[in-house]
Amino acid sequence: MAIHLTKESKILVQGMTGGEGMKHTRRMLAAGTNVVGGVNPRKAGRTVDFDDRSVPVFGSVAEGMDATGADVTVVFVPPAFTKAAVTEAADAGIGLAVVITEGVPVHDSVAFLAHARRRGTRVIGPNCPGLISPGQSGAGIIPADITRPGRIGLVSKSGTLTYQLMYELRDIGFSTCVGIGGDPVVGTTHIDCLAAFQDDPDTDLIVLIGEIGGDAEERAAAYIRDHVTKPVVGYIAGFTAPEGRTMGHAGAIVSGTTGTARAKQQALEAAGVRVGRTPTETARHVLAVLHAGA
């Protein structure tokens with residue numbers, strides 16, 4: 001199994017005919033993802049050739065869903081148009097919208113996330129790398145060739161750290177890796193993924209990657225303590241971040257001791273989570289936990 005994305009998933013790409021959309025659609029197809037169409041109202045009726053595969057372009061998400069049975073959309077549109085794109089997808093009844101776009105205004109994110117929730121559409125992102133179930137499907141920009149299928153579930157705020165932990169643990173492999181994004185407001189949270197991995201019979205261990213800023217990791221720690229019986233290993237980016245310095249991710253805002261790497265580490269460790277101070281140490285913790293349970 002996997003969470004949110006399987007080999008049966010049929011994927012539309014909103015913005016497929018743009019530069020980023022073309023590049024990553026080609027990569028998704030090369031990885032075996034079932035991309036069934038693109039969406040661009042100005043190019044509806046055309047097809048786009050990707051090596052040995054021709055992909056049709058539809059005028060709307062609803063049209064693409066009617067023609068293909070698509071249940072996932074990946075959004076590669078500029079920030080100014082992201083709200084409209086996600087709203088359109090939710091109104092069409094898509095089950096999952098993966099929003100890769102960076103720089104979406106927060107008030108737009110709040111609006112389209114609320115609308116999607118009312119419509120029953122799960123949103124991953126914005127400002128995220130997407131998700132991948134190795135050997136089955138990938139929706140977004142996560143490389144498919146750095147790991148293999150396995151029984152670790154990974155949820156991460158950071159795209160780069162998602163890739164690094166996937167590579168560090170490539171010999172063990174993953175059920176699903178989900179990059180939820182680092183913006184202050186995102187559609188799918190650490191807790192959402194923890195719950196899904198807890199219920200997934202093919203996930204034996206969960207890796208949680210957080211970073212300084214906000215209280216998402218502290219809330220995840222409370223959820224782990226009360227609801228998660230599978231082992232969890234964590235990593236928090238930002239132990240060496242200088243005080244009083246603005247950091248890169250929009251969500252990396254620290255107020256006093258709230259949101260610091262140390263505070264998050266303490267909360268997670270109090271919930272029974274082993275926390276590494278580097279990605280390599282985190283990978284060693286995962287191996288130790290798996291070895292102890294063998």
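- Scanning both residues, T176 and I3, for their nearest heavy atoms gives OG1-N, 3.0 Å.
- Linking ILVMFWY residues whenever their side-chain heavy atoms come closer than 4.5 Å, directly or via other members, leaves I132 and V123 in distinct clusters.
- Side-chain atoms of S54 and T47 include no donor-acceptor pair closer than 3.5 Å.
- Tracing side-chain contacts under 4.5 Å through hydrophobic residues (I, L, V, M, F, W, Y), one reaches L165 starting from I152; they form part of the same cluster.
- For H190 (side chain) and I209 (main-chain N/O), a donor-acceptor pair under 3.5 Å exists by modelled atom type.
- L154 and V98 fall within a single hydrophobic cluster, where Ile, Leu, Val, Met, Phe, Trp and Tyr side chains are chained together by heavy-atom contacts under 4.5 Å.
- The distance from the CZ atom of F197 to the CG atom of D192 is 11.5 Å, given to the nearest 0.5 Å.
- For the residue pair D202 and S175, no side-chain donor N or O sits within less than 3.5 Å of a side-chain acceptor on the partner.
- The main-chain N or O of V35 is never found under 3.5 Å from a side-chain atom of T33 such that the two would form a donor-acceptor pair.
- The nearest pair of heavy atoms linking V72 to S9 is CG2-CB, 4.1 Å.
- Note on residues 45-102: pairs passing ring pair (Phe, Tyr, Trp, His ring centres under 6.0 Å), not counting sequence neighbours, are H24-F76.
- S137 contributes atom OG, which lies 4.0 Å from atom CD1 of I11 (distance to the nearest 0.5 angstrom).
- In this structure, the separation between CD on Q164 and OG1 on T282 is 9.0 Å, given to the nearest 0.5 Å.
- Between A90 and T121 the shortest heavy-atom distance is CA-OG1, 3.5 Å.
- The closest side-chain heavy-atom distance from R119 to D91 is below 4.5 Å.
- A donor-acceptor contact shorter than 3.5 Å is absent between the side chain of K83 and the backbone of V104.
- Residue pairs meeting the ring pair (Phe, Tyr, Trp, His ring centres under 6.0 Å) criterion with at least one member in residues 149-182: none, sequence neighbours excluded.
- A donor-acceptor pair under 3.5 Å is absent between the side-chain atoms of D199 and the main chain of A196, judged by distance alone.
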Inset, instruction - With side-chain contact (heavy atoms from CB on, under 4.5 Å) as the test, would you mind laying out the steps for Q265 and R277 before giving the verdict? - result: CA-CA 9 Å; Q265 178 187 26; R277 292 182 66 91; 4.2 Å; yes
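- Side-chain atoms of V55 and L29, non-hydrogen and from C-beta on, do get closer than 4.5 Å to each other.
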Inset, instruction - Check the pair N127, T101 against side-chain contact (heavy atoms from CB on, under 4.5 Å), reporting the backbone distance first and the verdict last. - result: CA-CA 5 Å; N127 187 20; T101 309; over 6 Å; no
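- Using a 4.0 Å cut-off between charged side-chain N and carboxylate O, R274 and E269 make no salt bridge.
- Distance alone, capped at 3.5 Å, is enough to place a donor-acceptor pair between the S133 side chain and the L5 backbone.
- Here the closest heavy-atom approach between residue L169 and residue T147 is recorded as O-OG1, 4.3 Å.
- In this model, a donor atom of one side chain and an acceptor atom of the other lie less than 3.5 Å apart for R122 and T188.
- Here the side chains of V228 and I206 are in contact, with some heavy-atom distance below 4.5 Å.
- In this structure, I94 is not a member of the same hydrophobic cluster as F112, with clusters built from ILVMFWY side-chain heavy atoms closer than 4.5 Å.
- Taking all atoms of both residues into account, the shortest heavy-atom contact from G130 to I100 is N-CD1, 3.9 Å.
- No side-chain donor-acceptor contact under 3.5 Å links T203 to the backbone of L205.
- Using modelled atom types, no side-chain atom of Q14 and backbone atom of V75 make a donor-acceptor pair closer than 3.5 Å.
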Legend entry - From CA spacing to verdict: side-chain contact (heavy atoms from CB on, under 4.5 Å), D108, T82: CA-CA 8 Å; D108 282 3; T82 301; over 6 Å; no
Inset, instruction - Could you walk me through whether I124 and V99 pass the side-chain contact (heavy atoms from CB on, under 4.5 Å) test, one step at a time? - result: CA-CA 6 Å; I124 295 177; V99 186; over 6 Å; no
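- Considering only heavy atoms from C-beta on, T73 stays 4.5 Å or farther from V39 through its side chain.
- In this structure, V185 and D183 have side chains that are not in contact, with every pair of non-hydrogen atoms separated by 4.5 Å or more.
- In this structure, M16 is not a member of the same hydrophobic cluster as V77, with clusters built from ILVMFWY side-chain heavy atoms closer than 4.5 Å.
- Between D204 and K230, none of the side-chain N atoms (NZ, or NE/NH1/NH2) sits under 4.0 Å from a carboxylate O, so this pair counts as no salt bridge.
- V48 has its side chain within reach of V57: a pair of non-hydrogen atoms, C-beta onward, lies under 4.5 Å apart.
- Taking both residues in full, the closest heavy atoms of C128 and G179 are given as CB-O, 3.1 Å, listed atom of the first, atom of the second, then distance.
- V186 shares a hydrophobic cluster with no other residue; no ILVMFWY side chain has heavy atoms under 4.5 Å from its own.
- Side-chain atoms of E88 never come within 3.5 Å of backbone atoms of A84 as a donor-acceptor pair (strictly under, hydrogens ignored).
- One finds the CG atom of N34 at 11.5 Å from the CE atom of M28 (value rounded to the nearest 0.5 Å).
- Without hydrogens or angle criteria, T25 side chain to G21 main chain gives a donor-acceptor distance under 3.5 Å.
- Note that CG of D171 is 9.0 Å distant from CG of L287, once rounded to the nearest 0.5 Å.
- For Q198 (side chain) and L194 (main-chain N/O), no donor-acceptor pair under 3.5 Å exists by modelled atom type.
- To the nearest 0.5 angstrom, R27 atom CZ is 12.5 Å from I142 atom CD1.
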Inset, instruction - For salt bridge (Lys or Arg N to Asp or Glu O under 4.0 Å), just list the numbers for K157 and E217, CA-CA rounded to whole Å, side-chain angles, deciding distance to a tenth of an Å, and then say yes or no. - result: CA-CA 10 Å; K157 274 186 179 180; E217 295 80 5; 3.1 Å; yes
